[in-house]
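The shown structure was predicted, so the numbers you read here are calculated from the model rather than taken from an experiment. Residue numbers start from 1 in every chain, and the chains themselves are labelled A, B, ... in the order their sequence lines are given, proteins ahead of strands. Only heavy atoms go into these numbers, but all of them, side chains included; no hydrogens, no water, no symmetry mates.
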Amino acid sequence: MKYASVIVDVPTMQTDRTFDYKIPEKWQGMILQGMRVIVPFGQRKLQGFVIEVKEESSFKKLKSIEGLQDLTPSVTPELLQLGSWLTETTLCFNISALQAMLPAAMKAKYDKMITLISEEKRKELEPTLKKYFEKQAEIPWSTFEDDDLLKQIQKEIQKGSLEVVYRVSQKTKQKKKRVVQLAQIQTDRNSPLDLLPSQAKKQKEMAQFAVEHIGSKEMPASDFLSLTNGSESSLKGLIQKGIITEKWVEIYRDPYEGRHFKKSLPLPLTTEQQQSISPILESVENKLHKVFLMYGVTGSGKTEVYLQSIEAVLNKGKEAIVLVPEISLTPQMVNRFKSRFGSMVAVLHSGLSIGEKYDEWRKIQRKEVKLVVGARSAIFAPFENLGMIIIDEEHETSYKQEETPRYHARDVAIKRGDYHNCPVVLGSATPTLESFARAQKGVYTLLTLKERVNNRAMPAVEIIDMREELRNGNRSMFSETLLEALQSRIEKKEQTVLFLNKRGYSSFVMCRDCGYVIQCPHCDISLTYHRFGQQLKCHYCGHEEIMPKVCPECQSEHIRYFGTGTQKVEEELAKVLPEASVIRMDVDTTSKKGSHERLLTKFGEGGADILLGTQMIAKGLDFPKVTLVGVLSADTMLHLPDFRAAEKTFQLLTQVSGRAGRHELPGEVIIQSYTPEHYSIELTKEHHYDEFFRQELAVRKLHEYPPYYYICLLTISHPDVLKVAIVTENISTFLKSNLSQQSIILGPVTSPIPKIKDRYRYQCMIKYKKEKNLHGTLKNILEHYQKDVHQNSLQITIDMNPYVML
DNA sequence: AGCACGCCGACT
DNA sequence: GTCGGCGTGCTC
């Protein structure tokens with residue numbers, strides 16, 4: 001007898017461990033580590049992951065595994081190990097870590113049904129229930145909301161006519177396609193046509209076609225029918241007579257179906273690129289796990305280095321993962337990889353449907369592809385022979401997952417690289433302070449690309465002091481300089497990218513008479529104005545209301561929205577430059593699938609003078625005719641309660657500037673700011689990362705932030721303010737007495753957003769360098785408040801390396 | 001997370 | 001004396 005240790009699909013503390021099950025005789029040897037199974041758990045049936053198959057179990061009253069959900073393990077031994085590592089390091093439940101590594105389609109769906117025990121029992125049912133079970137023998141539990149009905153059902157269950165069953169199913173199934181082929185039994189002597197009666201004219205015709213055009217090959221049934229103009233019933237006849245066989249085969253939903261990718265060849269490398277690639281190749285060759293930080297200015301050809309390193313990896317028969325920030329996973333980017341490596345590439349990003357993601361994942365699992373290009377979660381691609389991991393735009397915050405498990409893809413990449421003895425390449429023009437500091441310390445190997453390919457000059461950056469503009473009487477959102485530059489581009493038929501840094505600066509509604517700002521009734525945050533339907537929306541809880549005509553406080557009619565949205569900019573543009581054609585890209589215009597791409601293509605083809613947008617246009621775009629980039633207000637992000645605000649500002653401005661003058665035409669960048677003297681803005685002028693790094697490092701040291709300290713953020717929330725305050729107070733006291741003297745515990749303080757969804761939020765921050773006891777202490781806290789979490793809807797979230805301080 | 005089990009108040 | 005309320009604890 002063999003036994004399986006299983007982790008069940010219940011994300012709670014008490015069930016965050018394995019449970020043993022017997023493996024039934026029929027599945028001995030079939031059930032392997034890493035497979036998903038269905039197990040009885042209490043009264044229910046649950047999905048679980050087999051962590052281990054073993055010879056004995058110390059538990060007496062074992063139940064048996066009830067079903068298989070996989071025939072090959074979904075989770076490789078490596079990923080299983082990685083799962084427990086994630087559980088440890090991010091303080092999540094083991095099951096959450098495992099779920100995070102698989103496509104959403106594989107998450108179990110649970111149905112609770114009421115079923116008729118047998119046909120005879122149907123007659124015995126109470127008349128009220130009878131009508132429910134007239135046509136079907138099984139009805140979802142949720143149908144019977146009514147208490148009286150439930151009472152009757154309970155009686156029937158006691159009588160033995162009905163029973164409750166729990167069912168586990170998968171969210172998405174494999175997509176199947178029906179194909180037909182000529183049956184095997186046919187011999188050359190016996191033409192299939194002879195088997196048909198003479199009156200079956202249509203069938204004969206179809207069989208003839210099959211003999212001539214299909215043979216032993218397969219053809220989609222739909223094609224066969226349309227080519228022969230045949231009917232379903234004639235096909236059925238042919239199948240019945242054994243002339244044609246049909247079967248269902250799994251097909252992939254291909255998001256890039258019908259797209260043609262022109263094959264691209266390796267480009268000759270510059271000396272710098274050569275110098276960067278050789279240590280990487282060396283590490284591949286010697287199977288050495290090393291982390292490289294490739295610091296290369298925009299346009300220095302990092303991607304070509306990636307492509308050629310990957311080529312070397314693939315030539316060795318190994319696999320590679322390339323992570324790209326979600327936002328820049330544009331068709332342009334995908335094209336570069338698909339053109340070089342063709343069908344060896346799987347692509348994973350949020351634009352795909354659940355089914356499409358599942359299919360891409362299946363291609364990886366079946367080793368039908370050798371390379372994955374994808375966003376954060378692609379780091380869990382189930383390759384077993386990894387030869388390299390690349391993280392492009394290493395500084396991007398989207399690599400950090402902001403829900404449990406709160407992992408950073410960079411950390412996972414390094415962990416996996418260590419396991420596979422392969423290099424990890426982090427690339428960026430503006431590396432995170434953490435990474436650059438590690439590179440300087442020699443923890444990572446620094447590779448520098450200072451020159452742009454073809455020695456194109458960096459665009460000239462001009463910083464405009466908007467306070468000055470105001471003093472000179474210009475109250476519009478465009479400075480004189482920017483306006484003139486815009487006009488000249490339109491005249492020269494060149495293009496402009498206008499960037500609106502919207503984060504932390506959405507349009508709120510305020511009364512001009514009394515200063516009242518409309519806020520969400522559930523969250524301590526002002527509502528955002530959406531012109532669509534004159535609505536006010538809360539971005540945290542989704543609360544919506546209609547824009548009021550008068551101020552709710554003082555009844556004044558002078559209530560209007562403030563702040564600059566893309567729509568507003570578009571309106572302003574229309575006023576000052578009526579002749580300019582504008583493409584606006586924001587959440588409103590890109591919500592539909594494929595619209596993002598369509599707008600970009602249109603702009604690329606010269607369909608507009610100006611591309612106006614938010615964050616989403618900051619990266620990866622490469623249009624030859626763009627010679628001007630304008631940043632409307634550089635400093636909106638600078639004043640957020642976030643120690644990385646300066647870093648993020650510098651990174652963003654540098655990235656945006658990189659959009660200009662990437663080709664023959666020289667580029668110009670105009671940045672408008674109300675605090676132009678701030679180093680994070682001023683230093684973008686000279687593209688001076690090194691100096692920015694030096695200054696910012698000093699600030700971090702002074703304020704005891706990364707990379708000098710690690711940070712851990714605890715957020716506690718509860719509907720009752722008092723409760724949160726007390727709990728948070730207790731937690732910080734506990735932390736202070738349990739952690740070392742060197743660690744700094746800040747708080748309790750109210751969170752930057754003090755209330756979300758009617759829950760008050762407090763937080764507490766730990767800054768530490770070395771803290772052996774941290775995980776143990778945090779676990780103690782979680783255990784201690786377990787009851788409160790369970791019963792009193794207390795919430796404690798722990799983020800071991802926060803990127804968002806809210 | 002569910003669900004059963006078990007111990008107290010408001011009824012037939 | 002029973003029905004049903006919710007707090008408590010378990011699920012291989």
Side-chain angles (χ1 to χ4, degrees), chain A residues 1-25 27-28 31-69 80 84 87 91-100 104 106-115 140-155 157-158 162-169 171 403-405 718-720 723 782-797:
Chain A
M1 186 56 106
K2 289 218 178 181
Y3 305 93
S5 292
V6 174
I7 287 182
V8 293
D9 187 8
V10 184
T12 59
M13 257 205 144
Q14 299 143 77
T15 51
D16 191 31
R17 59 187 179 91
T18 58
F19 289 86
D20 287 354
Y21 288 88
K22 283 192 276 198
I23 298 178
E25 197 58 45
W27 291 331
Q28 296 279 339
I31 289 185
L32 305 170
Q33 190 189 40
M35 280 184 177
R36 293 170 308 146
V37 288
I38 294 165
V39 291
F41 196 69
Q43 306 302 304
R44 301 175 289 161
K45 305 279 178 280
L46 293 177
Q47 185 184 72
F49 289 84
V50 177
I51 298 302
E52 195 192 350
V53 175
K54 52 189 187 181
E55 299 295 329
E56 48 193 64
S57 168
S58 54
F59 197 83
K60 308 269 167 358
K61 288 172 279 178
L62 288 170
K63 291 185 183 172
S64 288
I65 288 180
E66 229 158 79
L68 300 180
Q69 282 197 301
L80 229 38
S84 13
T87 307
L91 290 151
C92 70
F93 302 123
N94 217 314
I95 187 67
S96 317
L98 290 168
Q99 311 266 36
M106 291 171 79
K107 207 176 144 134
K109 216 179 99 208
Y110 298 103
D111 298 304
K112 187 181 180 181
M113 310 291 275
I114 303 198
T115 44
W141 168 278
S142 51
T143 320
F144 306 100
E145 284 290 305
D146 191 279
D147 280 355
D148 288 341
L149 275 174
L150 282 176
K151 207 173 274 177
Q152 285 181 30
I153 287 166
Q154 195 177 30
K155 273 195 204 121
I157 291 171
Q158 275 158 13
L162 295 177
E163 80 182 314
V164 176
V165 292
Y166 298 84
R167 196 102 43 49
V168 185
S169 57
K171 272 197 178 142
E403 303 134 33
T404 41
H718 191 272
D720 179 7
K723 176 84 184 170
L782 290 177
E783 267 158 40
H784 183 263
Y785 285 104
Q786 211 200 121
K787 257 192 198 141
D788 266 324
V789 168
H790 195 210
Q791 294 165 5
N792 295 316
S793 71
L794 181 79
Q795 243 180 54
I796 303 179
T797 47

(request) Kindly say if A:Lys112 contacts the phosphate of B:dC3, meaning a side-chain N or O under 4.0 Å from OP1 or OP2. (result) yes
(message) The side chain of A:Asp20 is closest to which nucleotide in this list: C:dC12, B:dA4, B:dA1?
(response) C:dC12
(request) Please answer whether C:dC12 and A:Phe59 are stacked, defined here as ring centres separated by less than 5.5 Å and planes angled under 30°. (result) yes
(request) For the side chain of A:Arg17, starting at C-beta, report the closest nucleotide among C:dC12, C:dC10, B:dC3. (result) C:dC12
(request) Measure the distance from CZ on A:Phe41 to C1' on C:dG9 and round it to the nearest whole Å. (result) 12 Å
(request) State, yes or no, whether a side-chain contact exists between A:Tyr3 and A:Glu52 at a heavy-atom distance under 4.5 Å. (result) no
(message) Is it the case that the side chain of A:Ser84 and the backbone of A:Leu80 share a donor-acceptor pair, with hydrogens and angles ignored and the cut-off at 3.5 Å?
(response) yes
(message) Applying a 4.0 Å non-hydrogen cut-off, can you work out what A:Ser5 is touching in the nucleic acid: base, sugar-phosphate, or nothing?
(response) nothing
(message) Just the rounded figure in Å: distance from P of B:dA1 to CZ of A:Phe93.
(response) 8 Å
(message) Between C1' on B:dA1 and NZ on A:Lys107, what's the gap in Å once rounded to a whole number?
(response) 11 Å
(message) To the closest 0.5 Å, what do you measure between CG (A:Leu98) and OG1 (A:Thr87)?
(response) 7.0 Å
(request) Select base, sugar-phosphate, or nothing to describe what A:Lys61 touches, counting heavy atoms under 4.0 Å on all strands. (result) sugar-phosphate
(request) Grab the CG-C1' distance between A:Asp788 and C:dT8 for me, whole Å please. (result) 15 Å
(request) Measure from NZ on A:Lys2 to P on C:dC12 and round the result to the nearest Å. (result) 23 Å
(message) Quick check for you: among B:dA1, C:dG9, C:dC12, whose closest atom lies nearest to any side-chain atom of A:Lys787?
(response) C:dG9
(message) Side chain of A:Gln43, heavy atoms from C-beta onward: which of B:dA1, B:dC3, C:dC12 has the nearest atom to it?
(response) B:dC3
(message) Using whole Å, what does the distance between atom P of nucleotide C:dC12 and atom CZ of A:Phe19 come to?
(response) 7 Å
(message) Output the rounded distance in Å from CD1 (A:Ile95) to P (C:dC12).
(response) 15 Å
(message) Using whole Å, what does the distance between atom P of nucleotide B:dG2 and atom OH of A:Tyr110 come to?
(response) 9 Å
(message) Contact between A:Pro140 and A:Asp111 at the side-chain level, heavy atoms closer than 4.5 Å - yes or no?
(response) no
(message) Which residue is it: A:Gln69, A:Lys109, A:Lys107? I am looking for the one with a side chain to side chain donor-acceptor pair (under 3.5 Å) to A:Gln47.
(response) A:Gln69
